[in-house]
Every structure is written in structure tokens, then in C-alpha cells.
Amino acid sequence: MTALQLDGRHIVLGLSGGIACYKAAELTRLLIKAGASVQVVMTEAAEKFIGAVTMQALSNRAVVTSQWDARPDNNMAHINLTREADAVVVAPASADFLAKLAQGRADELLSLLCLARRIDECPLLIAPAMNREMWAHPATQRNVAQVAADGAVVLGPAAGDQACGEIGDGRMLEAAELCDALIAFFQPKLLAGRTVLVSAGPTYEAIDPVRGITNLSSGKMGFAVARAAAEAGAVVTLVAGPVALPTPARVTRIDVTSARQMHDAVLAAAAAHDVFVATAAVADWRPIDAAAQKIKKVAGQGVPAFSLVENPDILAAVAALSTGPYCVGFAAESHDVEAHARAKLERKKVPLIVGNLGPATFGQDDNALLLVDAKGTRALPHADKLTLARQLVAEIAARIKS
Ligand code: C5P
């Protein structure tokens, strides 16, 4: 289980009017679950879509709806609310609310507190939600560009089915995507301006059209590395073998099946990246020729024989490029992790090998890593894979900086 990722963060969650207000209820629940405290602020229009009672129950705090709320001693809700906040998140942000932000208007509490916040200390994140024609309108596009230029982070919108029955851009991101985006926002941008290529998952080597050789790698560690690198501000390409995992936000994914396909995809991309992290469990061998048709079981004819040939070593090939990326290999061992990792460091000629116990971690949500390089060994103790991936990203960032 991933550690509380928003522990100690205080979020002002603003709702402006829109049917996507129902997603703000789930977002509140997820933020609280991630360890944040949440102060909900609603516009009059938002209250037409969801009750303040619901938002109060989920946030465990009285919802604030008016700049004339006399409860604060100084009667200045619009100032007090953001002074203690780590961020203001407006979800949903309606077309009208974006227009207000763009103009710096302050005729109700939510726009007023956005304007009154300390711009360098309390970031503003907005999740637009509206009909696709409203989103595409030049006025809205102008407003959202202005709001972004003024420093707000714009999350989404996504494309898809809309409550009005139309299909297009303007759906608010899902609550889980918004929560993850906020978690990512708070991560240190250690890889800003860098490009990172990650290989992940197993490969599948066909024997015939229905059978093949593969392994138990789930891809979870590699996907966590891709997510952590993207959170750290890198532009990330993920070359994934056959796994059923969702693509992390802001990561470009290339799906492959066999080791040779993974080799071709990685080699085509490698020179354009600053870092290559090879987490994939690439099959060492493949059948020389996959049978074109299913090999039939025939009584009395014994078992089929097929010969294997070695697959290309993707990591070694990238490490051998004259102007290639900084290479990080993984060593999934069943014993003697450090000795095997160190041997791999020399054999593959890479600057960093990350050792782990393969059988103990394949398919699991947690792991323990051993970082082995020319200078020595460092253990990253048992934790969930995302926490370890963030630590590994920090180690890589420190190494490529020097
Ligand atoms: O010992 P092994 O060759 O399996 O080393 C594992 C490391 O090498 C991992 O980083 C893995 O992704 C990479 N590798 C590769 N291509 C192969 C075999 C392993 O990139 N054919």
C-alpha cells in the first residue's frame, strides 16, 4: 500500500457550476484518503448541482459559500482560506469561472479567494468541465490560455461522452486522475527538461499462434518508474511488453510483444533520450521459427521439439551507442543479489544496476532495491514500488547532474 501521498497537505477545493460537480464528491474522498485536509468552497451555481451537506460530510468541514460569511473573527474568509492552503484546486472550473479568472473578477467567494491568494505560495490548479462547443469557443480558449499564462495549472479536460449527449473535448478528468495529478504536482521536479525511456513488463516469444514463452513479470516496477519520472518533470516514453496496466499520466506508451519488437522500439527511441531504465524482463531465448499453425497433439507421436535462439540484449545494445542515454539496468535474481548485480554492471557496461529479488517481487505491489554502481552499493529498503521508483528517480537525477 502506497504511503499517504498528500499527508499534511491542506487543499482548498473550489466547485463552480457544472454537472461534473458530482465528481468533486469522489475527489474529496480520495484527497482525504491520501492524507490531505480539504476545505470545500462552492459557488451559488455549484450548489444547484450538489448539496453542501454532501461536501461537508465528505470533507468533515463546514463548506464555505459566501464572501459575506460572518463566522471568521476578521470576517475575511477570502483571505484566511488560502493563507493556510498548499494549493487551490477548482474542479469543476466552468466556462464562466474561467472567464472570471482571466479577467481577475472577484464578485463571489471562489473567484475572490483565487485573486486574493499569494500567487507564489499557493498554486492554483483548475479542471475545466463544460460542453465541447463552450470549450472550443475562442473566448474560452483565450481565457484558459490567459489563466495558464498567469500561472495556473490546467488539468484536462478529457474527450468523450458528455452529459448533454454530445461527444468531444470538455469532460472533467476523473476524480482519481485529478488526485494523481495533484500528487504529481507536489513531487520535486528533479528531471525537468530531461527525457526518459523505460522498458517494462515481460516479452512473449511465440511457439505457434496460440502458445509462447513468457515470464511472470507484471510490469508494475517499470510502470512505477515511468510514472515517477513523469512526476519529476521528465518527458517519458514507455516501451511495454504484454501487461494489463493503465498508462501513467503524461507518458507516451509503445506496446510490443516480443523481445525483437522491444529491441527495435527501444533502439529507435534511445538516441533521443537522456536516460534509459531497462526494467523489462526480456526473454533470453525464443523459438527459432514460430510455427505458422497450431502444433497439434497427436496420440502416439510424442512431444514436439523446437530449438531456441538467443534474443538480442537490448540494454547492452543501448549502452554500446556512442551518444546513447545514461543506462540503468535491473537484475532480478533469486539469490546473491549484490554479487550478481555487480557482475551485470561489468558485463553490460552500464553505470548503474538495480538488483532485486525476482521471485519475491514479480506481481507484487512492493519491493526492495539494491543500487550497485562503481562507487558502491546502496539499499533502498522495502516499500511500495512507487515510493521506490521515486527514490530511484532521485538517485538517477543526482547522477546525471554531476
Ligand atoms: O541478466 P540479464 O541479461 O537478464 O540482465 C537484466 C537487465 O538487462 C535488465 O535491465 C533487462 O531489462 C535487460 N535486458 C535487456 N535485453 C535482454 C535481456 C535483458 O535489455 N535481452
Side-chain angles (χ1 to χ4, degrees), residues 2 155-160 169 171 173-174 176-181 183-185 187 189-206 212 214-283 311-312 314-315 317-318 324-330 332 354 361-365 367 384-386 388-390 392-393 396:
T2 311
L155 306 172
D169 285 337
R171 275 173 63 97
L173 295 185
E174 298 304 326
E177 293 173 305
L178 290 174
C179 185
D180 282 351
I183 290 167
F185 176 79
Q187 297 305 315
K189 303 300 167 214
L190 300 172
L191 291 177
R194 302 290 198 167
T195 49
V196 176
L197 177 64
V198 182
S199 72
T203 65
Y204 178 90
E205 314 298 326
T214 187
N215 60 63
L216 289 174
S217 167
S218 64
K220 285 180 181 173
M221 191 67 230
F223 276 59
V225 170
R227 173 174 170 176
E231 287 177 345
V235 173
V236 181
T237 308
L238 172 63
V239 179
V243 294
L245 292 174
T247 311
R250 297 181 316 286
V251 167
T252 303
R253 173 173 179 173
I254 302 170
D255 281 321
V256 296
T257 304
S258 69
R260 280 185 297 174
Q261 288 171 353
M262 185 175 278
H263 172 273
D264 293 352
V266 166
L267 267 290
H273 289 80
D274 300 315
V275 177
F276 173 46
V277 186
T279 65
V282 185
N311 271 325
I314 303 166
L315 177 58
V318 175
Y326 179 90
C327 287
V328 182
F330 266 67
V354 182
T361 187
F362 276 2
Q364 303 299 313
D365 288 329
N367 199 356
D384 63 273
K385 287 183 175 174
L386 183 56
L388 289 169
R390 288 185 183 137
L392 176 60
V393 158
I396 293 170

Taking every non-hydrogen atom, the tightest pair across [X] and [Y]:
X: Gly222; Y: Leu238; value: O-CD1, 4.4 Å
X: Leu245; Y: Ser218; value: CD1-O, 3.4 Å
X: Pro242; Y: Thr203; value: CD-CA, 4.3 Å
X: Leu315; Y: Gly329; value: CD2-CA, 3.5 Å
X: Val266; Y: Leu197; value: O-CD2, 3.8 Å
X: Ala280; Y: Ala200; value: CB-N, 3.7 Å

**Message:** side chain to side chain contact (heavy atoms under 4.5 Å, CB included) for Phe276 and Ile314? Distances and angles first, verdict last.
**Reply:** CA-CA 11 Å; Phe276 173 46; Ile314 303 166; 4.3 Å; yes
Rounded to the nearest 0.5 Å, how far does [atom2] of [Y] lie from [atom1] of [X]?
X: Arg227; Y: Arg250; atom1: CZ; atom2: CZ; result: 9.0 Å
X: Leu386; Y: Gln187; atom1: CG; atom2: CD; result: 7.5 Å
X: Ser199; Y: Ile254; atom1: OG; atom2: CD1; result: 11.5 Å
X: Gln261; Y: Glu205; atom1: CD; atom2: CD; result: 9.0 Å

Going by the rule salt bridge (Lys or Arg N to Asp or Glu O under 4.0 Å), which residues pair with [X] if we only count those two or more places apart in sequence or in a different chain?
X: Asp169; answer: none
X: Lys220; answer: Asp365
X: Arg171; answer: Glu174

**Request:** Could you list all the salt bridge (charged side-chain N to carboxylate O under 4.0 Å, His left out) pairs where at least one residue sits in residues 254-275, not counting sequence neighbours?
**Result:** Arg253-Asp255
**Request:** Evaluate side chain to side chain contact (heavy atoms under 4.5 Å, CB included) for Asn311 paired with Met262, printing each intermediate quantity in order.
**Result:** CA-CA 11 Å; Asn311 271 325; Met262 185 175 278; over 6 Å; no
Heavy-atom donor-acceptor pair, [X] side chain to [Y] backbone, under 3.5 Å:
X: Asn367; Y: Met221; answer: no
X: Ser258; Y: Tyr204; answer: no
X: Glu231; Y: Ile183; answer: no
X: Thr195; Y: Val235; answer: no

Do [X] and [Y] have side-chain heavy atoms sitting under 4.5 Å apart?
X: Thr237; Y: His273; answer: yes
X: Val198; Y: Thr279; answer: yes
X: Val243; Y: Pro202; answer: yes
X: Leu155; Y: Phe185; answer: no
X: Phe330; Y: Val277; answer: yes

**Complete:** By side-chain contact (heavy atoms from CB on, under 4.5 Å), Ala234 pairs with (sequence neighbours left out) Leu191, Val196, Ala229, Val236
**Asked** Can you name the residues that form a side-chain contact (heavy atoms from CB on, under 4.5 Å) with Ala317, not counting sequence neighbours?
**Response** His263, Leu267
